[in-house]
**Student:** 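I am attaching a structure below and will ask some questions about it afterwards.
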Amino acid sequence: MAWFTCVKGKVAGLNSLLCVGKRENNHFLRHLYRDTNVSVKTLGTLGTAQASFITLNFSQQQSYTAAHAMETKDATAEEDSCDTDSTVRTNRGKRKNEETDEAAKQGNRKKQKKCGKQLRPGERYVPPPQKRNPGVSFSQEHFAETSYYFEGGLRKVYPYYFDFTTYCKGRWIGKTLLEVFKSEFRAESLDYYNKAVKEGRIKLNETPVDDLNLILKNNDFMRNTVHRHEPPVSGRPLEVLVDDGEVVVVDKPASLPVHPCGRYRHNTVIFILGKEKGLSGLHTVHRLDRLTSGVLLFARTLEVSKKLDAMVRERRLEKEYVCRVEGQFPEGEVVCEEPILVVSFRVGLCRVHPKGKESRTVFQRLSYNGRSSVVRCLPLTGRTHQIRVHLQFLGFPILNDPIYGSSAWGPNRAKGGLVGISDEELLEALIEEHRSKESLHLLDLPEEEVSGKQGPKKECSDGAQENKDQITAPESSGVACDDNSCKLTQEEVKAEGSQELHKSTSAAEIEGEMNGVHKEKDSVSDEASRTAKSNAFVRDNLCGECKIVRPDPMEKDLIMYLHALRYKGPDFEYSTQMPDWAKEDWLQD
């Protein structure tokens with residue numbers, strides 16, 4: 001009982017002390033409220049101090065403290081949330097010195113993190129990556145980059161400035177820009193990149209780079225502005241067969257890629273439809289190889305695209321091709337079911353191989369002229385280069401196929417699947433054969449290999465989407481200029497580019513204002529065409545292609561004797577006319 005009496009007395013004394021403290025504190029606060037010179041911020045501090053003191057057991061004071069907390073919040077709302085004084089406000093609102101309160105230091109660090117990390121001297125800030133649009137859509141901004149002109153039966157593109165962009169790859173982190181350009185982007189020399197830096201063409205996080213020894217960090221955004229040349233393609237018109245609001249069906253000329261890829265951007269089906277037909281935002285249903293001509297389908301909406309995709313997967317979409325092959329193809333129906341393996345996406349090289357994917361094609365001879373045969377082809381599966389690979393396997397390659405008709409496959413050209421060399425040796429032999437014939441452009445190789453510079457091997461097959469994650473310039477045919485004429489700087493071109501420098505031109509019509517010289521719309525003479533071309537062509541002082549004269553390709557180099565003749569579904573059928581080379585009266589060179 002003695003110890004209980006002792007504890008009871010101490011508790012009573014503590015309660016008395018707390019009551020006195022509460023009374024004195026209330027009396028003090030009432031006097032403070034009468035004083036108009038006391039800041040609201042101070043009252044808030046004292047109010048929250050009282051809350052801490054009374055939290056022990058005095059429920060009456062809790063409502064009073066809450067009211068003061070609201071006043072404190074309103075009073076401090078306009079203060080800079082990133083203020084980092086030597087004193088900070090803790091989560092209870094108390095003021096304490098940073099040197100004596102570790103909790104305050106932690107709060108300060110959180111604020112710094114929220115408002116942006118403070119950089120150490122010499123440290124470089126990297127902004128967070130921007131959200132990317134996963135879809136592929138080209139607009140008038142892209143279409144207006146340059147324009148077309150027609151010459152010698154070819155569709156050509158005026159050279160133009162283009163930005164290649166990419167985020168820093170994981171393998172680049174910690175390396176300098178110089179090391180990355182030296183090891184992975186050898187299409188141009190280091191001397192070129194040094195000059196490009198001086199002209200502000202290489203940017204990091206939208207800031208011009210002044211030193212290639214700058215070390216790359218995660219999320220760095222790189223931009224390289226290049227002077228871009230595109231190879232010419234066939235000047236045959238891109239005819240729209242159907243546009244009913246649901247699908248767009250075109251008759252694709254040979255030599256045109258479907259999508260921007262590698263060296264091709266404006267000389268593609270997608271860009272021509274957008275620039276000349278006003279058709280954009282189309283969904284691809286299927287693709288054709290660059291050298292293949294014929295029926296090509298696009299869906300207008302995502303709903304229609306999904307419907308057609310389902311037909312393709314369920315094999316309810318019947319495809320019919322025609323081709324001209326070497327020799328006398330057997331009469332009757334011939335079925336090939338050999339599996340197909342992709343050897344190189346870089347060249348789009350495939351072969352028959354046991355590890356390949358299941359494939360099935362039905363062939364039927366339509367005619368024979370004593371040297372070559374026209375064959376009807378029904379691919380029942382959709383493998384890359386399926387028709388071409390199966391015809392090679394059967395011993396009847398397409399007459400002018402630059403890949404599967406090549407002697408690089410051996411004397412029998414892989415008839416029966418017999419090659420006799422490794423895939424690597426085959427690929428090298430194929431490249432060397434076309435290099436000796438100066439026809440590497442037929443393989444759609446990366447620029448460094450076409451120009452003889454060895455660099456990293458980037459793979460891009462016909463019809464594939466353009467790879468935006470590269471910062472090297474593309475290779476293509478160019479127009480010559482002497483060293484003295486290549487003096488127009490990028491800044492001057494950009495300034496002029498803000499106006500409408502380029503408008504579509506054709507053999508029958510040349511129009512637009514170019515470098516301030518107005519061309520009459522009804523001018524159709526060759527002299528006017530050459531003048532417009534000269535004025536529209538922008539020569540760049542760093543561009544190697546501007547100083548090179550490349551011969552125009554021949555018509556035979558732009559056509560392969562393979563044509564998509566007809567596409568048929570459950571309730572539709574789209575077809576084109578038979579190409580000239582597939583007719584019985586066609587004369588072979």
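Being a predicted model, the structure only gives us computed values, none of them experimental. These values consider heavy atoms only, across backbone and side chains, with no hydrogens, waters or symmetry-generated copies. Heads up: numbering here begins at 1 and tracks the sequence.
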**Student:** Walk me through whether Arg265 and Tyr160 qualify under side-chain contact (heavy atoms from CB on, under 4.5 Å).
**Tutor:** CA-CA 11 Å; Arg265 179 172 171 85; Tyr160 57 99; 3.5 Å; yes

**Student:** Without hydrogens or angle criteria, can the side chains of Thr361 and His390 be said to hold a donor-acceptor pair below 3.5 Å?
**Tutor:**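 There is such a pair between these side chains.
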
**Student:** What pairs with Val342 under side-chain contact (heavy atoms from CB on, under 4.5 Å), at least two apart in sequence or on another chain?
**Tutor:**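 Val342: side-chain contact (heavy atoms from CB on, under 4.5 Å) contacts with Phe345, Cys350.
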
**Student:** Using a strict cut-off of less than 4.0 Å between a Lys/Arg side-chain nitrogen and an Asp/Glu carboxylate oxygen, indicate whether Lys583 and Asp580 qualify as a salt bridge.
**Tutor:**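 Answer for the salt bridge query: yes.
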
**Student:** Under the salt bridge (Lys or Arg N to Asp or Glu O under 4.0 Å) rule, collect the residues that match up with Glu555, sequence neighbours excluded.
**Tutor:**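 Checked Glu555 against salt bridge (Lys or Arg N to Asp or Glu O under 4.0 Å); matches are Arg236.
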
**Student:** Write out all pairs satisfying salt bridge (charged side-chain N to carboxylate O under 4.0 Å, His left out) with one or both partners inside residues 352-366, taking only residues at least two apart or from two chains.
**Tutor:**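 Of all non-adjacent pairs touching residues 352-366, those that pass salt bridge (charged side-chain N to carboxylate O under 4.0 Å, His left out) are Glu331-Arg365, Glu337-Arg360.
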
**Student:** Considering only heavy atoms from C-beta outward, does the side chain of Tyr404 approach that of Leu349 to under 4.5 Å?
**Tutor:**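 Touching, per the 4.5 Å side-chain cut-off.
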
**Student:** With a cut-off of 6.0 Å (strictly less than), are more than 12 heavy atoms of other residues, nucleotides or ligands near CD of Glu314?
**Tutor:**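 Yes, because the 6.0 Å sphere around CD of Glu314 holds more than 12 heavy atoms from other groups.
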
**Student:** Between Thr576 and Ala564, which heavy-atom pair has the shortest distance, and what is it?
**Tutor:**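 Closest approach of Thr576 to Ala564, heavy atoms only: OG1-O, 3.9 Å.
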
**Student:** How long is the straight-line distance from CD1 of Ile340 back to CZ of Arg351, given to the nearest 0.5 Å?
**Tutor:**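 Rounded to the nearest 0.5 Å, the CZ-CD1 separation comes out at 12.0 Å.
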
**Student:** Report yes or no: do His266 and Glu145 form a side-chain donor-acceptor pair below 3.5 Å?
**Tutor:**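 Yes.
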
**Student:** Hey, is NZ on Lys307 packed in by over 12 heavy atoms from elsewhere, all under 6.0 Å?
**Tutor:**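 12 or below, so no.
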
**Student:** Glu433 and Ser406: side chain to side chain donor-acceptor pair (under 3.5 Å), yes or no, with the steps?
**Tutor:** CA-CA 8 Å; Glu433 176 182 324; Ser406 168; 2.6 Å; yes

**Student:** Can you classify the ring geometry of Tyr193 versus Phe181 as parallel (below 30°), tilted (30 to 60°) or perpendicular (above 60°)?
**Tutor:**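 Rings of Tyr193 and Phe181: parallel, under 30°.
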
**Student:** Once salt bridge (Lys or Arg N to Asp or Glu O under 4.0 Å) is applied, do any residues pair with Arg324, and if so which ones, sequence neighbours excluded?
**Tutor:**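 Once residues adjacent in sequence are excluded, Arg324 has no partner under the salt bridge (Lys or Arg N to Asp or Glu O under 4.0 Å) criterion.
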
**Student:** For Glu303, is the CD atom crowded, meaning more than 12 foreign heavy atoms sit under 6.0 Å from it?
**Tutor:**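 Counting other residues, nucleotides and ligands, CD of Glu303 stays at 12 neighbours or fewer.
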
**Student:** Pair Phe138, Phe143 - check ring pair (Phe, Tyr, Trp, His ring centres under 6.0 Å), show working.
**Tutor:** CA-CA 7 Å; Phe138 298 103; Phe143 301 148; 7.0 Å; no

**Student:** Parallel, tilted or perpendicular, judged at 30° and 60°: which one describes the rings of His227 and His229?
**Tutor:**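 The rings of His227 and His229 stand perpendicular, inter-plane angle above 60°.
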
**Student:** Check Leu288, Val233, Leu291 against Leu256 for a side-chain contact (heavy atoms from CB on, under 4.5 Å) and give me the one that passes.
**Tutor:**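 The option that passes is Val233.
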
**Student:** side-chain contact (heavy atoms from CB on, under 4.5 Å) with Phe271: which of His259, Glu276, His142?
**Tutor:**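 Single pass found, and it is His142.
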
**Student:** Do Arg171 and Glu184 meet the salt-bridge criterion of a basic N to acidic O distance under 4.0 Å?
**Tutor:**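 Result for this pair is yes, salt bridge flagged.
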
**Student:** Can you tell me how far apart CG (Leu394) and SG (Cys336) are? Round to the nearest 0.5 Å.
**Tutor:**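 Atom-to-atom, Leu394:CG and Cys336:SG are 4.5 Å apart.
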
**Student:** With side-chain contact (heavy atoms from CB on, under 4.5 Å) as the test, would you mind laying out the steps for Val247 and Leu308 before giving the verdict?
**Tutor:** CA-CA 10 Å; Val247 296; Leu308 293 174; 4.0 Å; yes

**Student:** Verify side-chain contact (heavy atoms from CB on, under 4.5 Å) between Asn267 and Tyr148, making sure each step is shown before the conclusion.
**Tutor:** CA-CA 9 Å; Asn267 267 344; Tyr148 303 115; 3.5 Å; yes

**Student:** Under 6.0 Å from the ring centre and within 45 degrees of the ring axis: does the NZ or CZ of Arg228 meet both conditions for the six-membered ring of Phe162?
**Tutor:**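 Yes, a cation-pi geometry.
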
**Student:** Under the salt bridge (Lys or Arg N to Asp or Glu O under 4.0 Å) rule, collect the residues that match up with Arg566, sequence neighbours excluded.
**Tutor:**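 Residues passing salt bridge (Lys or Arg N to Asp or Glu O under 4.0 Å) with Arg566: Glu318, Glu320, Glu573.
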
**Student:** Answer whether the closest heavy-atom distance between the side chains of Pro159 and Cys543 falls below 4.5 Å.
**Tutor:**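 Answer no - side chains too far apart.
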
**Student:** What side-chain donor-acceptor pairs closer than 3.5 Å can you find for residues 292-302, not counting sequence neighbours?
**Tutor:**
residue : atom : partner : partner atom : Å
Ser293  : OG   : His563  : ND1          : 2.7
Arg300  : NE   : Asp243  : OD1          : 3.3
Arg300  : NH2  : Asp243  : OD1          : 3.1
Arg300  : NH2  : Asp243  : OD2          : 3.0
Thr301  : OG1  : Val304  : N            : 3.3

**Student:** Distance from Leu190 atom CG to Leu212 atom CG, nearest 0.5 Å?
**Tutor:**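 Nearest 0.5 Å value for the CG-CG distance: 8.0 Å.
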
**Student:** May I ask you to decide whether Asp401 forms a salt bridge with Arg413, counting only side-chain N to carboxylate O separations under 4.0 Å?
**Tutor:**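 No salt bridge links Asp401 with Arg413.
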
